[in-house]
Amino acid sequence: MVIRRVVVYVALSLLGATAVRAQSSAHAVSFGPAATSARESTAQKDARMQWWRDAQFGMFIHWGAYSVPAGVYHGERTDGIGEWIMSHSKVPIPEYEQFVHAFNPTKYDADAWVRAAKDAGMKYIILTSKHHDGFALFDSKVSSYDMVDAAPYHRDALKALADAAHRQGMRFGVYYSIMDWHHPDAQGPNAPEYNSRTWHNPNFARYVETYMKPQLKELLTQYPNIDVLWFDGEWVADWSDEQGRALYDWLHTIKPSLIINNRVGHSRQGLQGMSANHDAPGDFGTPEQNVPATGLPGVDWETCMTMNDTWGYKKFDDDWKDTKTLVRTLIDAASKGGNFLLNVGPTSDGVIPAESVARLHEIGEWMRVNGQSIYATTASPYGAPAWGRYTVARNEIFAQVFDWPKNRRLVLTGVTSKPSDAYLLADRKPLTIEQTSEGYVVLLPAVAPSSISSVIAFHAGDMTGSLPSEPVGRMKE
Ligand code: H79
């Protein structure tokens, strides 16, 4: 299969190949004030983050009124991402409201969505509770611009998914946009320049106090299993790190166990996604559409990515990444200590596109054999070998072999002490290890068990590695 897409890598800094994720108190660096404040010790933060760090792989769901135009406005196809059609196509608010009035997902089956995520081996789901367009998928008492009041469906779509996730043992969280293109006290009056980064609304504080915070409180009280708040749209001129910190602290007074992304603040560095300084609020960084070049010592992060080129459904976007690319991106993130949040954009009928469901199922086929090398992993202490990646969990090392050596000799680049118990996850049969002048070499069978990544597990006494500090390698195109 040809991998079509050049994954954009952002050179963060030469942090070194021995980077580890924030897993133990020895490595935890403050990423938000609560971690080191009197409110929460490092050990308490580790406990709060534990399930999320172990989960590794989640489903992002972008669903809203933008799935009705599905990328086409007045017969014109938008070049941009589907959920941004209101901004890119300069749709006036009253016209956009017609999409809401037409949003009737009669085929919506929340249990089927959760099954599709589970089938892929995902452990959590993040649903857009309200995107930049301001339309809410849940039953909000402070707004009539929601699924129950304004859409013909008249049912709480978020509650259905939260309940289905709970029934099926899946963690659940919600996306929430601080920017709001519909609200008169937020970006609404600047139509159609909804996305200005310089325009101010003198009433923005009223939007925050009487609309946004009440909606967030509704989310945390009406839906007891919301464990993550995933903010976005924080770049508006009326938002700041200070407001983000206050919001972060306030949310924790409502729900102490909540995990909150760094877009609650205002100092994210574009799509690279990490905050500019360590004082910024939030529990994890959010690289968007890219995996960092290296691990980030002591910092939690999660790469979010689309399967095609849009988050919200576009009927003509068929630029799908193949399963191999998606699994290798998950492996790449895990090898650097990060989570992977893979997006689906359901239709206005309530259906996850078949192309997405098929890929989720194929990812699951790989995960059912090799998931042990993904869940609860920490960053590779050995950097990235030429043939693939290393992931590490519970003192076990996993060689993720993308390129199976034709001479059947896998050099364990970077491994400095004698490995033991090497075996392929695919068949669990013991493999021979030789010590050579090149380093330790695993003798392989002739045929790779997987064209995506064949995984060899082994133990090594010394996990410190020997590679020089260089970025963990890039994915091959
Ligand atoms: O919800 C999805 C998208 O709609 C939203 N984030 C994902 C998770 C998003 N993706 N891309 N964009 C929004 C484009 C935004 C670009 C910019 Fe900016 C906003 C350019 C300038 C302001 C982001 C923030 C990049 C720099 C600052």
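Whatever order the structure lists ligands and atoms in, that order sets their numbers, starting from 1. Sequence positions, counted from 1, serve as the residue numbers for this chain. Bear in mind that the values here come from a model prediction, so they are computed numbers and not experimental data.
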Say whether Glu288, considering both its backbone and side-chain N or O atoms, lies within less than 3.5 Å of an N or O atom on ligand 1. yes
Name the orientation class of the two ring planes belonging to Phe57 and Phe340 (parallel below 30°, tilted from 30 to 60°, perpendicular beyond 60°). parallel
Please work out which of the three classes, parallel, tilted or perpendicular, describes the rings of Phe204 and Tyr207, given edges at 30° and 60°. tilted
Report, in ascending order of atom number, the atoms of ligand 1 lying under 4.0 Å from any heavy atom of Trp311. 2 (C), 3 (C), 7 (C)
Which residue holds the protein heavy atom closest to atom 26 (C) of ligand 1, what is that atom called, and what is the gap in Å? Gly270 CA, 3.7 Å
Where ligand 1 meets Tyr175 - atom numbers and elements under 4.0 angstrom, heavy-atom basis: 1 (O)
Protein contact to atom 24 (C) of ligand 1 [nearest heavy atom, distance to 0.1 Å]: Trp235 CE3, 3.5 Å
Check if His131 has a non-hydrogen atom at a distance under 4.0 Å from any atom of ligand 1. yes
Taking only residues two or more places apart in sequence, or in another chain, which ones meet Gln243 in a side chain to side chain donor-acceptor pair (under 3.5 Å)? Ser240
His62, any N or O under 3.5 Å of ligand 1 N or O: yes
If you measure every N or O of Glu83 against every N or O of ligand 1, does any of those distances drop under 3.5 Å? yes
Sequence-distant partners of Glu83, side chain to side chain donor-acceptor pair (under 3.5 Å), two or more places apart: none
For the residue pair Arg171 and Trp51, would you count it as a cation-pi contact if the rule is NZ or CZ under 6.0 angstrom from the ring centre and within 45 degrees of the ring axis? yes
Taking non-hydrogen atoms only, is Ile81 closer than 4.0 angstrom to ligand 1 via side chain, backbone, both or neither? side chain
Atom 14 (C) of ligand 1: which protein heavy atom is closest, and how many Å away? Trp84 CZ2, 4.0 Å
Nearest non-hydrogen protein atom, atom 5 (C) of ligand 1: Asp232 OD2, 3.3 Å
Determine whether any protein heavy atom is located less than 4.0 Å from atom 16 (C) of ligand 1. no
Assign the ring pair His131 / Tyr175 to parallel, tilted or perpendicular, where the plane angle (0 to 90°) is split at 30° and 60°. parallel
Any side-chain donor near an acceptor of the partner, Thr325 and Asp322, under 3.5 Å: yes
Check for me whether Arg268 has a heavy atom closer than 4.0 Å to any atom of ligand 1. yes
Could you label the plane-to-plane angle of the Tyr124 and Trp52 rings as parallel, tilted or perpendicular, counting under 30° as parallel and over 60° as perpendicular? tilted
Could any protein non-hydrogen atom be found less than 4.0 Å from atom 22 (C) of ligand 1? yes
Using 30° and 60° as the class boundaries, would you call the ring planes of Phe103 and Trp63 parallel, tilted or perpendicular? perpendicular
Do Arg197 and ligand 1 have an N or O pair less than 3.5 Å apart? no
Can you see whether Tyr248 has Arg245 sitting over its ring - NZ or CZ less than 6.0 Å from the centre and within 45° of the normal? no
For atom 7 (C) of ligand 1, decide whether some protein heavy-atom distance is shorter than 4.0 Å. yes
